[in-house]
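Below is one structure; the comments refer to it alone.
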Amino acid sequence: MQDKLLLDNYQRVFAELRVDRVPGRYPEATNGRAPHKPLLLLAVLDLVAQHQIVTNFIEFKANLLDAFDLYWLKVMGSEREANPVMPFYHLKSDRFWHLIPQPGMDKALQVSSPIRSLRVLRELVVGAKLDEDLFRLIQYPDKRDTLRTVLIEHYFAPDTRQVIVQTGTIHQESFEYSNELQEHSRCARQSSTSP
């Protein structure tokens, strides 16, 4: 019962992300809204599903950037530049995403103007974490998929939704293939060193 209430709460929170809605700025594919936060959250959910995020600590590093960039490219195309720094920083306004400051940078992070550059983000922030209840919920595939569905259905036009689902599948298949190659390589090394 408790998980059901929590999931209901986070479904509402995910459906009410604070996103830019300037008329004409964003395409119909995103229902005229900024897709940055939903795409970053989809990337995080993918990394949790792939066990690349196993603790409640989200680093701004290559695997997250690659996942975000692929979603961005599929939805927004290459004409418009992606800036994952902005949603990483601005998700804090939705109150379930908590920035973790670099040691000694607590005050600087609190008084800083919005972070737009990677250099400033790295100076001030180590990473982010989710509400503990949310992180626990997304460990379960069915609950993670429910929240994923909220993001896809709320922030993207019907003809864009299938593209996003396919992109999530690409992430999963790429991860599984990479793991198979690593396992094959490990087995080959072990068999070549065995007498």
Side-chain angles (χ1 to χ4, degrees), residues 14 17-22 25-94 96-100 114-130 134-135 138 144-145 147-182:
F14 273 35
L17 295 174
R18 296 179 60 182
V19 296
D20 187 8
R21 297 175 187 196
V22 176
R25 181 178 286 178
Y26 300 100
E28 288 180 28
T30 65
N31 293 329
R33 291 181 269 198
H36 304 73
K37 287 180 178 181
L39 293 178
L40 186 66
L41 290 171
L42 288 167
V44 167
L45 294 175
D46 286 354
L47 296 180
V48 169
Q50 298 162 8
H51 307 289
Q52 292 188 52
I53 295 177
V54 294
T55 63
N56 192 1
F57 179 65
I58 302 158
E59 293 181 83
F60 193 82
K61 62 181 196 174
N63 60 351
L64 180 64
L65 301 179
D66 290 346
F68 176 85
D69 286 346
L70 183 57
Y71 278 118
W72 183 272
L73 189 61
K74 296 290 186 180
V75 173
M76 300 296 289
S78 58
E79 301 81 43
R80 188 175 225 157
E81 187 177 333
N83 184 356
V85 169
M86 292 174 63
F88 197 91
Y89 172 79
H90 286 289
L91 267 167
K92 71 183 185 116
S93 69
D94 293 291
F96 62 84
W97 181 274
H98 311 282
L99 295 175
I100 303 168
I115 297 174
R116 288 180 161 70
S117 77
L118 180 57
R119 181 187 61 77
V120 175
L121 182 72
R122 290 207 165 125
E123 282 176 11
L124 297 177
V125 176
V126 175
K129 66 178 186 170
L130 302 172
L134 175 57
F135 185 73
I138 63 174
R144 187 171 56 241
D145 288 345
L147 293 172
R148 176 187 238 343
T149 299
V150 168
L151 292 170
I152 293 170
E153 291 182 355
H154 193 76
Y155 297 99
F156 302 98
D159 58 342
T160 307
R161 294 173 189 164
Q162 188 59 38
V163 171
I164 294 172
V165 170
Q166 289 169 345
T167 303
T169 302
I170 290 169
H171 284 156
Q172 186 61 36
E173 289 171 354
S174 296
F175 177 73
E176 289 169 4
Y177 181 66
S178 175
N179 280 348
E180 287 174 21
L181 289 177
Q182 289 175 3

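Counting from 1, the numbers follow the sequence of the chain as shown. Just so it is clear, the values below take in all heavy atoms, side chains as well, and ignore hydrogens, waters and symmetry mates.
In this structure, Ser117 and Val85 approach most closely via the heavy-atom pair O-CG1, 3.8 Å. In this structure, Phe60 and Pro84 approach most closely via the heavy-atom pair CE1-O, 3.6 Å. A pairwise comparison of heavy atoms in Leu40 and Pro87 identifies CD2-C, 3.8 Å as the closest pair. Taking all atoms of both residues into account, the shortest heavy-atom contact from Trp97 to Ile58 is CZ3-CD1, 3.7 Å. In plain terms, the two heavy atoms of Ala157 and Glu28 that are nearest each other are CB-O, 3.3 Å. Closest non-hydrogen pair, Val48 versus Ile138, comes out as CG1-O, 3.5 Å.
Between the CE atom in Met76 and the CD atom in Glu81 there is a gap of 12.0 Å [rounded to 0.5 Å]. Tyr26 OH to Arg21 CZ: the interatomic distance, rounded to the nearest 0.5 Å, is 12.0 Å. From Leu130, atom CG reaches atom CG of Leu41 across 8.0 Å, with rounding to the nearest 0.5 Å. Distance check: Thr167 OG1 to Lys74 NZ gives 5.5 Å after rounding to the nearest 0.5 Å. Between Tyr155 atom OH and Arg33 atom CZ the span is 6.5 Å, to the nearest 0.5 Å. How far CG of Leu47 is from CG of Asp66: 9.5 Å, rounded to the nearest 0.5 Å.
The aromatic rings of Phe96 and Phe14 sit tilted, their planes meeting at an angle between 30° and 60°.
Side-chain atoms of Phe156 and Val163, non-hydrogen and from C-beta on, never get closer than 4.5 Å to each other. Counting only heavy atoms from C-beta outward, the side chains of Arg148 and Asp46 approach each other to under 4.5 Å. Considering only heavy atoms from C-beta on, Leu42 comes within 4.5 Å of Ile152 through its side chain. Counting heavy atoms from C-beta on, the side chains of Ile164 and Leu151 never come closer than 4.5 Å.
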Between Phe57 and Val126, does a side chain to side chain contact (heavy atoms under 4.5 Å, CB included) hold up when you go through it step by step?
CA-CA 9 Å; Phe57 179 65; Val126 175; 3.5 Å; yes
Candidate pair Leu64 and Phe88, rule side chain to side chain contact (heavy atoms under 4.5 Å, CB included), full reasoning:
CA-CA 10 Å; Leu64 180 64; Phe88 197 91; 3.9 Å; yes
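The one candidate from Lys37, Met86, His98 that meets the side chain to side chain contact (heavy atoms under 4.5 Å, CB included) condition with Leu91 is Lys37.
Without hydrogens or angle criteria, Arg18 side chain to Asp94 main chain gives no donor-acceptor distance under 3.5 Å. Side-chain atoms of Asp69 never come within 3.5 Å of backbone atoms of Ala82 as a donor-acceptor pair (strictly under, hydrogens ignored). Side chain of Trp72 to main chain of Arg80: a donor-acceptor pair is present (N/O by atom type, distance under 3.5 Å, no hydrogens or angles).
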